Amino acid sequence: MIGLADCNNFYASCERVFNPKLDRKPVVVLSNNDGCIIARSNEAKKLGIKMGEPAFKIKGIIEKHNINVFSTNFALYGDLSRRVMNTFRTEVNKMEVYSIDEAFLDFTDFLDKDRLVQLKMKVQKWTGIPVSIGVAKTKTLAKVANHIAKKHTKAGVFIFEDEDLVKRALNVFPVEDLWGIGRKNAKRLKEVGIHTALQFRETNTHWIKRNLSINGVKLQKELKGEICYPLKLTTQRKKNICTSRSFANEINEVKKLREAVSSHANTCAIKLRKEKSCCSTVGVFLNTNPFKSKAEQYYPYKMFRLDVPTNDSIEIVKFALKGLDQIYLPSYIYKKAGVIVGRTVPESQVQLSLFDNLDRDKRRKVNSVVDRINKRMGKDKVKLAVQGTGRKWKLKQEKLSPCYTTRFADMLEVKV
DNA sequence: TCTGGGGTCCTAGGACCC
DNA sequence: TCTGGGGTCCTAGGACCC
C-alpha cells in the first residue's frame, strides 16, 4: 500500500508555527512580488478567497475580515518541509518526496489506522505542521484517499481498505479533481458526459488513449488498482533549471535588464553546482506585461548550445548576456526576465572538447571558493560586478515574516 | 497602481538516414 | 499519367503537476 501524506494549507500553516496569534484566524500567503494568493488557511477558504486570485482584487475582503497576509518566505517553508520529511523518515523505510508539502510513503508493512494517526500526531508535535494521510494501492488512489482524509474525516487519515469502498468513493469523486486531469481534459470529459472518477474508470480505453494520450490510460489503470507510477526512491537529477522573476516595476533600460539577467544566470549556475550537474544549453527570455492588453506583446527567447557542459557562473552569465543583447528591443517595456539552463549532465561525466581553451580547473576553484564564502557569510556577499549593487529590478515583498529557523538574527527570543 | 515560479512528460511534424 | 517503405532524432507546443 502507498500513502500520500500532504501538509494542510502548508505555507499558511508554516506562518502559524512561530506565530500562534494566527491560530483560528484567516491567513493567506502571496506569490512572489506579492501578486497572487498561493495559500489559504481554512478560515480564509471559508471567506471565499480563491487559489491564484490576484491580491489587489480582494483588497476589500482582506481589510474587511482582517485577514493576515504574508509575502512568500521560501527559506522558512523549505526548512519546515525538510523537518516534516525527516519526521516521516523516522516511521517508514521507503518514501518519495514529491513536492515541498507532499510525500508518498511505502506502507507495505504498515496497514494500521492507529499507527497512521500516531504518525500524523508526531509530525504535528515535532514540527507544528498539520498533515493528512491517504492510503491505497496506487498513487492516484492515495491522492483520492488523501482528499477524503482532509475533507471528510476528523482524524485526518483514510485508508481504501477494499474495492467496494474505492468504488463508492469514486462514484462521488468529481473527475476534475483526479490527479492528472487538468482544466482542458476535464472540459473535454464533461462534454461527453463523464463527470465522476468512476465513469472515467469505466470509459473505453481506446477513447481515452486517443483523447488523453498514454497518461489517461495510466490514470485509468491506477484507478483500477494497477500501479503505473511506482515510488521513485532515488532523487533524480533535474533536466532543466530555470530562474526568473517579474519586476516590481516594468523595465525598459538594458542596463537594469543586464543586472537582472546576470543575477538569474548566476543563480542557475549556483543551483547547478548544488546538484553537481553541468548544463549543455543556456537560454534567456524576456516578457512584456501580458495584462496590458493594449500594449504590443513580445516574448523573445534565445538559446545557446555549449561545446562543453558547464556550471561556471562566469561562462553561464556570459552566454545569457549575449542572448539578451540579441533579443532586447528598446521599443518594449519588460515585466519579466529569466534564464533557463538545460540538458544537464553529471559534473563527473562532462565530455571535453578538443578545441576548448578555457582553464576549467581554475574556474572550478574560483566557483567553489565563492560558494564557500557565500555559504558562510550570506547570499550574494561575493558576486559578479555585472550583477550590479542595487537590485533595481527588485521584487515587491512587503509582508515578509522572519526566517525563524534559518537566520540567527531572526530567531525568536523567549523571555523567562 | 496591482496578476508567481519551477518543473515533467507526451505528441505531431519536420529533417534526416538507408 | 505514373514516384516506397522503414526508421531515428529533434523541437515546439501543449498538457499536467506543485
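Just so we're clear, the structure is a prediction, and the values are computed from it rather than from any experiment.
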Just the atom pairs and distances: protein N or O near nucleotides 12-15 of chain C's N or O, under 3.5 Å.
from, atom 1, to, atom 2, distance (Å)
C:dA15, OP2, A:Lys184, NZ, 3.0

### Query
Are A:Arg89 and A:Glu96 ion-paired here, with the side-chain N under 4.0 Å from a carboxylate O?
no
### Query
In whole angstrom, what separates A:Glu398's CD from B:dT1's C1'?
12 Å
### Message
We want to know whether A:Ser313 and A:Arg273 form a side-chain donor-acceptor pair, criterion being a heavy-atom distance below 3.5 angstrom.
### Response
yes
### Query
In this structure, are over 12 heavy atoms from other groups packed under 6.0 Å from A:Lys271 atom NZ?
yes
#### Entry: Contact state string [nucleotides 2-9 of chain B, B base, S sugar-phosphate only, - no protein heavy atom under 4.0 Å]
BBSSSSSS
### Message
Applying a 4.0 Å non-hydrogen cut-off, can you work out what A:Glu102 is touching in the nucleic acid: base, sugar-phosphate, or nothing?
### Response
sugar-phosphate
### Query
How would you list, by chain and number, every residue that makes a side chain to side chain contact (heavy atoms under 4.5 Å, CB included) with A:Thr405, sequence neighbours excluded?
A:Phe18, A:Leu76, A:Asp79, A:Arg83
### Message
Enumerate the salt bridge (charged side-chain N to carboxylate O under 4.0 Å, His left out) contacts for residues 274-284 of chain A, please, sequence neighbours excluded, ordered by first and then second residue.
### Response
A:Lys238-A:Glu275
### Task
Whole angstrom is fine here: how far is it from NZ in A:Lys294 over to P in B:dT1?
11 Å
### Cationic N near anionic O, under 4.0 Å, A:Lys187 to A:Glu191
yes
### Task
Would you mind checking if A:Arg258 and A:Glu253 are paired as a salt bridge, meaning a charged N to carboxylate O distance below 4.0 Å?
no
Which atom pairs, donor and acceptor, lie under 3.5 Å between side-chain atoms of residues 98-105 of chain A and protein residues at least two apart or in another chain?
from, atom 1, to, atom 2, distance (Å)
A:Tyr98, OH, A:Trp179, NE1, 3.4
A:Ser99, OG, A:Asp101, N, 3.4
A:Ser99, OG, A:Asp101, OD1, 3.0
A:Ser99, OG, A:Glu102, N, 3.3
A:Ser99, OG, A:Glu102, OE2, 3.4
A:Glu102, OE1, A:Lys143, NZ, 2.6

### Query
Base, sugar-phosphate, or nothing for A:Arg343, non-hydrogen atoms under 4.0 angstrom?
sugar-phosphate
### Between P of C:dC17 and NZ of A:Lys143, the distance in whole Å
9 Å
### Task
May I have the distance from A:Asn146 (atom CG) to C:dC17 (atom P), rounded to whole angstrom?
15 Å
### Message
Give me the stems containing DNA chain B, sorted by first residue, counting only three or more consecutive Watson-Crick or G-U pairs with both distances under 3.5 Å; say none if there aren't any.
### Response
B:5-18 with C:5-18
### Query
Taking atom P of C:dC16 as reference, at what distance in whole Å does atom CZ of A:Phe200 sit?
12 Å
#### Entry: A:Phe74 ring center near A:Tyr11 ring center (under 6.0 Å)
yes
### Nearest-angstrom distance, C1' atom, B:dG4 to C:dC17
15 Å
